[in-house]
There are 2 protein chains.
Amino acid sequence: MLDLPPLQATARDDAVLNVLADFVIHEELKPGDRLPTERVLSERLKVSRTTVREALTRWEGLGLVERRQGSGTYLKAAVSRDMLHLPLTFASGNDFESLMHTLEIRRGLEAEAAALCALRAGPAEVEIIRQKLEVMEEAFHSRAGMSSDEDWDFHQAIYRVSGNPLFEQIISAMHELFHRFWEHPLGVRDFGHASFPYHRTVYERIAAGDAEGARGEALKLIATVEADLRRGDANLKRAGYK
Amino acid sequence: MLDLPPLQATARDDAVLNVLADFVIHEELKPGDRLPTERVLSERLKVSRTTVREALTRWEGLGLVERRQGSGTYLKAAVSRDMLHLPLTFASGNDFESLMHTLEIRRGLEAEAAALCALRAGPAEVEIIRQKLEVMEEAFHSRAGMSSDEDWDFHQAIYRVSGNPLFEQIISAMHELFHRFWEHPLGVRDFGHASFPYHRTVYERIAAGDAEGARGEALKLIATVEADLRRGDANLKRAGYK
DNA sequence: ATGCAGAAATTGGTCTGACCATTGTACCAT
DNA sequence: ATGGTACAATGGTCAGACCAATTTCTGCAT
């Protein structure tokens with residue numbers, strides 16, 4: 001049977017988002033750009049400001065847009081007409097177990113990204129990654145410890161070169177949550193110290209085009225982080241903080 | 001009924017969600033249950049209906065709640081106080097490349113889940129997986145082809161036994177999107193036919209407690225699916241459908 | 001001219017009260 | 001019982017106003 005019902009019920013807020021997506025595309029707005037005022041949109045679209053706000057609230061919830069009172073509404077991510085939304089919500093349980101769970105997810109993704117990266121990286125891409133690696137290594141030696149920012153840059157370069165934008169999106173989202181809830185994970189200083197040498201071995205396998213080797217080194221890298229965290233957790237428990 | 005206290009600060013819509021989460025927990029509401037009217041909430045929380053609606057719009061966007069005009073607002077998923085939201089949105093681009101991208105994500109997660117499953121599965125869990133495997137194999141032989149449902153049951157069993165609920169949540173969400181947009185992937189019949197034998201090898205590695213072996217077999221399994229799809233895509237192109 | 005403090009305009013956030021569209025229910029005629 | 005109709009409840013939209021944070025403008029002192 002032909003599916004007839006999609007007739008225009010009361011779904012104006014949805015329509016607003018479609019029109020707004022068209023607008024963003026037509027105006028070639030990029031992340032960081034400001035989009036029209038709620039009042040302007042309301043007038044131009046001939047709908048109430050309430051409806052515009054409901055629509056923008058949806059986009060805000062999806063992380064597509066950021067609202068700043070007194071300033072405006074800003075684009076936060078690229079918008080296209082055919083977007084898939086995959087809202088995951090799970091109980092965090094601010095505990096150690098949950099942290100391990102997110103790390104296991106990251107391990108699977110990190111390993112796959114490294115493998116794909118090894119397959120698809122050309123000389124130019126290898127050079128980019130090498131540069132990030134050296135910046136990270138220099139930061140490590142000069143400050144005698146892992147540097148979150150430079151470390152993250154290195155990993156992101158791998159996700160980008162993997163040729164699959166989903167890796168960066170998913171892991172970045174997790175990374176953001178990670179830092180929001182465990183700002184200083186379990187009080188572990190030199191967090192990830194032991195993982196340092198594996199950054200270079202991962203790079204070497206990628207440069208050699210060795211997918212399975214890169215996957216293996218990436219797995220080892222995350223494993224050392226996991227071990228670090230477990231040790232930190234055990235210390236906390238022994239100290240009676242838990 | 002739990003007594004819903006009034007609110008004051010500015011971040012009201014956010015505060016509404018916290019209180020509402022408390023309410024849902026206290027009332028032990030389960031998915032499918034109806035939660036209070038917008039007007040009732042507005043009155044009990046001493047907040048305008050507008051604010052209540054903005055809050056509910058957020059939950060709706062996250063898939064936690066479903067609104068039915070004329071009927072009410074219904075809980076759609078379990079709610080806890082500390083929930084992490086990971087809204088992913090990416091361009092679908094109903095094309096072959098996007099399908100491959102989602103499959104690469106799944107490969108990384110599937111491999112990790114299988115490895116963890118091998119580490120943590122006790123005799124009872126192994127038995128559960130074996131049962132799912134045999135149901136699937138029987139369906140395969142009697143109907144001379146892969147059966148989506150039984151295949152999916154088998155994989156889900158692995159996610160559950162992995163001891164990490166995130167695997168099931170993430171892959172299930174992707175699976176749902178997958179089927180919504182590529183109902184019959186590229187017209188490939190016997191989709192995943194070649195992957196059949198690897199289900200048993202994955203099971204065997206899990207039963208043996210061989211994490212790396214399980215990871216390897218899972219990788220091979222997804223690789224065959226990928227190869228199947230590539231072949232189907234090539235066929236379509238050759239036939240001039242694209 | 002320049003720099004800076006305060007006023008004014010801008011913008012998102014909330015409120016109020018009303019009406020519309022859809023759904024569920026009770027009641028009535030058959 | 002059956003089916004239809006009126007009515008109440010509920011989410012969706014609207015209009016206009018005010019609040020709070022931010023930005024921009026203005027004018028005075030330097």
Side-chain angles (χ1 to χ4, degrees), chain A residues 3-20 23-24 27 29 31-77 79, chain B residues 1 4-20 23-24 27 29 31-77 79:
Chain A
D3 107 278
L4 297 168
L7 185 54
Q8 182 184 8
T10 52
R12 286 190 232 266
D13 58 343
D14 231 24
V16 167
L17 287 186
N18 286 332
V19 175
L20 194 52
F23 175 80
V24 168
E27 294 287 303
L29 297 184
D33 290 349
R34 213 184 87 162
L35 39 85
T37 303
E38 293 177 355
R39 289 169 174 88
V40 171
L41 286 175
S42 145
E43 183 191 350
R44 301 275 300 248
L45 297 177
K46 294 284 186 284
V47 296
S48 78
R49 197 178 147 218
T50 308
T51 305
V52 171
R53 280 187 60 76
E54 288 241 352
L56 287 177
T57 299
R58 281 187 161 67
W59 270 16
E60 191 187 26
L62 291 170
L64 288 178
V65 116
E66 179 185 350
R67 289 150 123 172
R68 290 209 284 272
Q69 186 174 180
S71 176
T73 304
Y74 298 83
L75 208 55
K76 221 174 132 189
V79 166
Chain B
M1 209 172 180
L4 303 172
L7 305 170
Q8 34 185 357
T10 59
R12 291 178 155 100
D13 57 344
D14 215 30
V16 167
L17 287 186
N18 286 332
V19 175
L20 194 52
F23 175 79
V24 168
E27 293 289 302
L29 297 184
D33 290 348
R34 212 185 87 161
L35 39 84
T37 304
E38 295 177 352
R39 288 170 175 87
V40 170
L41 287 174
S42 144
E43 182 189 351
R44 302 281 301 252
L45 296 175
K46 294 288 184 287
V47 170
S48 80
R49 196 176 147 220
T50 309
T51 305
V52 171
R53 281 187 59 76
E54 289 241 354
L56 287 178
T57 299
R58 282 188 158 69
W59 269 16
E60 190 188 26
L62 291 169
L64 289 178
V65 118
E66 178 185 351
R67 290 150 127 173
R68 290 209 285 271
Q69 186 173 178
S71 176
T73 303
Y74 297 84
L75 208 55
K76 221 173 131 189
V79 165

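Below, chain A is the first sequence line, B the second, and so on; all start at residue 1.
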Between [X] ([atom1]) and [N] ([atom2]), how many Å, whole number?
X: R34(A); N: dT10(C); atom1: CZ; atom2: C1'; answer: 8 Å
X: R39(A); N: dC14(D); atom1: CZ; atom2: P; answer: 16 Å
X: E66(B); N: dT10(D); atom1: CD; atom2: P; answer: 17 Å
X: Y74(A); N: dT11(C); atom1: OH; atom2: C1'; answer: 9 Å
X: E43(A); N: dT10(C); atom1: CD; atom2: P; answer: 14 Å

List in chain and number order the residues that pass side chain to side chain donor-acceptor pair (under 3.5 Å) with S42(B), two or more places apart in sequence or in another chain; answer none if no residue qualifies.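 Applying side chain to side chain donor-acceptor pair (under 3.5 Å) to S42(B) gives none.
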Please check the phosphate of [N] (OP1 and OP2 only) for any side-chain N or O of [X] closer than 4.0 Å.
X: R67(A); N: dG13(C); value: yes
X: T37(B); N: dA9(D); value: no
X: T51(A); N: dG12(D); value: no
X: T73(B); N: dG11(D); value: yes
X: S48(A); N: dC14(D); value: yes
X: R49(A); N: dT14(C); value: no

Using a 4.0 Å heavy-atom cut-off across all strands, classify T50(A) as base, sugar-phosphate, or nothing. base
With a 4.0 Å cut-off on heavy atoms, is R68(A) in touch with a base, just the backbone sugar-phosphate, or nothing at all?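 The answer is sugar-phosphate, as R68(A) gets under 4.0 Å only of primed atoms, P, OP1 or OP2.
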Any residue meeting side-chain contact (heavy atoms from CB on, under 4.5 Å) with Q69(A), in chain and number order, not counting sequence neighbours: none
Atom pairs and distances, side-chain donor-acceptor, residues 32-40 of chain B, under 3.5 Å, sequence neighbours left out:
| unit_1 | atom_1 | unit_2 | atom_2 | d |
| --- | --- | --- | --- | --- |
| D33(B) | OD2 | K30(B) | N | 2.8 |
| R34(B) | NH1 | S71(B) | O | 2.8 |
| E38(B) | OE1 | R49(B) | NE | 3.0 |
| E38(B) | OE1 | R49(B) | NH2 | 3.1 |
| E38(B) | OE1 | R53(B) | NH1 | 3.2 |
| E38(B) | OE2 | R53(B) | NH1 | 2.8 |

About how many Å separate CZ of R58(A) and CG of D13(A), when rounded to the nearest 0.5 Å? 4.5 Å
F23(A) versus L29(A): any side-chain heavy-atom pair under 4.5 Å? yes
Heavy atoms, side chains only, cut-off 4.5 Å: are L41(A) and L20(A) in contact?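 Sidechains of L20(A) and L41(A): in contact.
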E60(A)/K76(A) ion pair, N-O < 4.0 Å: no
Neighbours of DNA chain C within residues 54-63 of chain A, by heavy-atom distance under 4.0 Å: none
Could you pull out the closest heavy-atom pair between G63(A) and A77(A), with the gap in Å? O-CB, 4.3 Å
If you compare all heavy atoms of L56(A) against all heavy atoms of V65(A), which two are closest, and at what distance to 0.1 Å?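 Nearest pair, atom of L56(A) first, then V65(A): O-CG1, 4.3 Å.
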Nearest listed nucleotide, side chain of [X], among [options]:
X: E38(B); options: dG11(D), dT22(D), dT23(C); answer: dG11(D)
X: S71(A); options: dG13(C), dT23(C), dT23(D); answer: dT23(D)
X: Q69(B); options: dT22(C), dT11(C), dC19(C); answer: dT22(C)
X: R53(B); options: dT13(D), dG12(C), dG24(C); answer: dT13(D)

Any residue meeting salt bridge (Lys or Arg N to Asp or Glu O under 4.0 Å) with E66(B), in chain and number order, not counting sequence neighbours: R68(B)
Axis deviation across the helix from dA1(C)-dT30(D) to dT30(C)-dA1(D), five-pair ends, to the nearest 10°: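 Angle reported: 10°, given to the nearest ten degrees.
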